[in-house]
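Encoded as structure tokens, the structure appears first; notes follow it.
Quick caveat: nothing in here was measured; it's all calculated off a predicted structure. Chain identifiers are assigned alphabetically (A, B, ...) following the order of the sequence lines, protein sequences preceding nucleic acid strands; residue numbering begins at 1 within each chain.
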Amino acid sequence: MPEKLPSRSEDFSEWYNQLVLRAELADYAPVRGCMVVRPYGWALWENIQQALDRRFKETGHVNAAFPLFIPMSFLEKEKEHVEGFSPELAVVTHGGGEPLSEPLVVRPTSETIIGYMYAKWIQSYRDLPVLINQWGNVVRWELRTRLFLRTLEFYWQEGHTAHATEQEAIEETLRMLDVYADFAINDAAVPVIKGKKTESEKFAGAVMSTTIEAMMQDTRALQSGTSHFLGQNFARAFEIRFLDQNNQLQYVWTTSWGLSTRFIGAIIMTHGDDQGLVLPPKLAPIQVVIVPIYKNDAERSAVLETAQRLFHELQAAGLRVKLDGREEMTPGNKFYEWELRGVPVRLEIGPKDVQSGSVTLARRDRPGREGKSTVSQQGLPETIRALMNDIHRSLLERATAFREAHIFDPKDYAEFQEVVQRGWAFSWWCGRKECEAKIKEDTKATSRCIPFEQPGGSGRCIVCGEKADQKVYFARAY
RNA sequence: CGGGGUGUAGCGCAGUUGGCCAGCGCACCGCGUUUGGGACGCGGGGGUCGGCGGUUCAAGUCCGCCCACCCCGACCA
């Protein structure tokens with residue numbers, strides 16, 4: 001039978017790589033750094049999309065689609081933007097067998113081409129705000145790639161909004177960060193910390209970048225979603241102007257915000273265990289798997305009849321259910337397989353259950369015997385709903401407790417350098433680039449965010465000892 | 001792009017100082033027996049040994065070049 005997964009403690013990154021492949025979330029494509037998202041992985045992504053899209057619609061956004069190709073000159077219109085992205089651009093120089101008069105960039109993000117269109121569409125304050133989101137793919141020519149975490153091409157959504165006032169654009173930026181945090185916590189059971197990026201970590205072309213940061217089980221940080229206040233930078237670059245109520249020509253204020261398939265990596269590394277994936281119930285492609293157990297034909301037909309009846313009952317109750325009727329595989333083998341693939345709830349139905357009107361329930365967040373219980377077939381959908389809520393709650397609690405146990409408040413820089421190798425440091429920082437750079441140089445840890453939730457007061461910079469009025473999370477990051 | 005490593009069946013590997021027909025485990029296909037935590041028997045299919053060139057009577061094995069991938073650094077959602 002398939003060998004065991006490497007354990008997280010012996011080799012976390014190998015655990016991750018093998019898990020992605022073996023759970024059939026994704027596979028390596030024939031192009032270096034590119035991945036194929038397999039049906040199971042895509043189903044997970046579709047559930048993420050639905051959860052987010054619903055929230056985008058609720059907050060007044062509409063979807064649209066912009067081109068994959070962007071004229072090179074567009075990128076060059078915003079100075080910081082082009083400086084940030086030019087090293088990682090894929091550029092198309094030929095089309096239809098002829099050299100192009102102007103190279104086309106495969107979009108690394110769409111601020112520029114959307115800015116160009118907004119300039120055409122926006123004339124008056126009556127046209128504002130523009131609240132558009134796009135689901136799509138982008139390409140960034142990364143040097144070191146990992147499935148889901150960093151690939152040359154990835155799937156995401158990017159929201160792009162334009163507003164009449166700075167205030168309104170900042171509010172939008174923060175509102176969408178809240179949407180991400182709400183999704184992460186309440187749908188993915190991934191606890192996140194909301195905050196601001198430092199100058200050196202912010203998006204190329206942004207005035208302010210905000211982020212949700214999550215801690216993986218190896219204690220590294222993963223930026224799981226970002227929302228940017230772009231000020232008038234792109235408005236000026238693309239002449240996005242409107243006439244206000246006083247007939248004055250003004251530049252709009254824009255925002256952009258994105259969450260990518262990287263989030264799948266966050267789910268894997270937040271909840272996964274040594275048996276495999278542990279998917280949060282609300283996003284799991286299969287929420288309940290039914291494994292029938294029998295020895296002979298008589299048992300087989302009785303068990304399958306019950307299994308099918310319960311399958312339809314659960315399906316009718318709106319649960320994503322799978323009945324695993326494969327004849328060639330033993331139940332034990334199926335248990336291992338569905339555990340590897342992270343299905344939150346497993347239902348075992350055997351002759352004894354048929355007899356007594358019960359089923360055996362196994363919850364994925366507690367592997368082995370410990371997670372098993374026998375429950376009545378009566379009211380099974382409700383029982384399972386309650387169980388899934390409990391699983392969600394316990395995943396979130398466990399991940400939060402893990403994170404809290406690995407956030408440190410080092411007393412001095414020596415201790416800082418030590419703790420940042422086994423967790424995050426939450427430390428005072430004076431705000432100077434040099435101190436931030438020294439940390440990166442000495443420890444490979446970077447500033448993750450300046451959390452909105454601050455202890456208040458002031459302290460001394462962990463590096464230079466100068467007065468500091470903000471505390472910052474520092475961590476090694478993906 | 002620098003440092004290190006690996007390329008033999010889908011996956012994991014073995015293959016002696018070069019020697020006849022390139023092997024093993026798992027997976028896969030067929031038949032039968034099995035099935036409450038990774039079943040078993042029998043029978044099968046599957047290979048330009050990463051690529052190109054060289055040395056040799058003879059290359060998976062020796063030499064050169066190239067390619068791909070993995071790990072470590074510089075860039076990053």
Side-chain angles (χ1 to χ4, degrees), chain A residues 1-5 11 13-14 17-18 21-22 27-34 83-89 108-109 137-158 180 197 200-204 206 209 211-214 221-228 256-266 275-276 291-297 299-300 303-304 324-340 346-355 358-360 362 367-372 374 440-441 444 446 477-478:
Chain A
M1 283 288 91
E3 335 61 48
K4 279 214 176 59
L5 219 48
D11 191 343
S13 79
E14 192 52 29
N17 288 338
Q18 286 201 26
L21 295 175
R22 284 167 54 172
D27 201 352
Y28 293 102
V31 179
R32 179 197 73 86
C34 290
E83 279 172 11
F85 280 105
S86 57
E88 51 186 66
L89 293 178
T109 179
N137 55 339
V138 289
V139 169
R140 298 180 186 177
W141 213 262
E142 303 290 349
L143 299 178
R144 297 199 56 191
T145 57
R146 299 279 308 277
L147 293 173
F148 290 117
L149 300 174
R150 187 173 301 105
T151 45
L152 297 198
E153 180 189 19
F154 60 88
Y155 301 87
W156 75 343
Q157 63 57 223
E158 46 179 326
Y180 288 152
K197 284 291 184 186
S200 51
E201 291 287 327
K202 77 177 190 199
F203 176 75
S209 285
T211 175
I212 49 171
E213 296 286 326
L222 185 75
Q223 180 179 129
S224 305
T226 50
S227 182
H228 313 290
S256 69
W257 26 275
L259 185 145
S260 75
T261 38
R262 169 182 262 197
F263 198 90
I264 292 174
Q275 332 300 320
V291 178
I293 297 157
Y294 44 80
K295 286 192 176 60
N296 51 50
D297 280 351
E299 287 182 0
R300 180 176 179 275
V303 164
L304 283 184
D324 186 352
R326 286 175 294 179
E327 301 278 356
E328 70 280 6
M329 196 179 264
T330 59
N333 213 336
K334 292 178 184 175
F335 298 167
Y336 284 103
E337 179 173 318
W338 294 114
E339 278 170 8
L340 176 71
R346 184 178 69 237
L347 221 81
E348 304 170 18
I349 303 173
K352 292 178 219 161
D353 295 304
V354 173
Q355 279 275 311
S358 63
V359 295
T360 301
R369 294 240 169 271
E370 193 209 338
K372 286 202 192 188
T374 304
K440 189 171 179 179
E441 170 99 23
K444 285 179 189 158
T446 51
Y478 278 101

Item checked: Pairing residues for A:Y478 by the side chain to side chain donor-acceptor pair (under 3.5 Å) criterion, not counting sequence neighbours ->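 Once residues adjacent in sequence are excluded, the partners of A:Y478 under the side chain to side chain donor-acceptor pair (under 3.5 Å) criterion are A:D218.
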Protein-nucleotides 29-35 of chain B N/O pairs closer than 3.5 Å?
from, atom 1, to, atom 2, distance (Å)
B:U35, O2', A:Y294, O, 3.1

Report the residues that fulfil side-chain contact (heavy atoms from CB on, under 4.5 Å) with [X], sequence neighbours left out, ordered by chain and then residue number.
X	value
A:D297	A:R300
A:K352	none
A:E153	A:N137, A:V139, A:Y155
A:E201	A:K197, A:T198, A:E436, A:T446, A:S447, A:R448

Notebook entry, point to check: Which pairs, with at least one residue in residues 137-147 of chain A and sequence neighbours excluded, count as a salt bridge (Lys or Arg N to Asp or Glu O under 4.0 Å)?
Noted result: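 Passing the test, one end in residues 137-147 of chain A: no pairs.
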Sub-3.5 Å pairs of nitrogen or oxygen atoms, protein against nucleotides 7-10 of chain B:
none

Check: Say you pick atom C1' in B:G51 and the same atom in B:G46; how far apart are they, in whole Å?
Finding: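 Comparing C1' positions in B:G51 and B:G46 gives a spacing of 22 Å.
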Checklist line | nucleotides 68-74 of chain B: protein proximity per nucleotide (B base, S sugar-phosphate only, - neither; heavy atom, under 4.0 Å) | finding: -SSSSSB
Could you pull out the protein-nucleic contacts involving nucleotides 49-51 of chain B (nitrogen or oxygen on both sides, under 3.5 Å)?
none

Next item on the list: Using the criterion of both pairing distances under 3.5 Å for Watson-Crick and G-U wobble pairs, give all stems of 3 or more consecutive pairs involving RNA chain B.
Entry: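 Paired runs of 3+ in RNA chain B: B:1-7 with B:67-73, B:10-13 with B:23-26, B:28-33 with B:39-44, B:50-54 with B:62-66.
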Notebook entry, point to check: For A:Y28, which residues count as a ring-ring contact (aromatic ring centres under 6.0 Å, His included) partner, sequence neighbours excluded?
Noted result: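 A:Y28 satisfies ring-ring contact (aromatic ring centres under 6.0 Å, His included) with no residue once adjacent residues are dropped.
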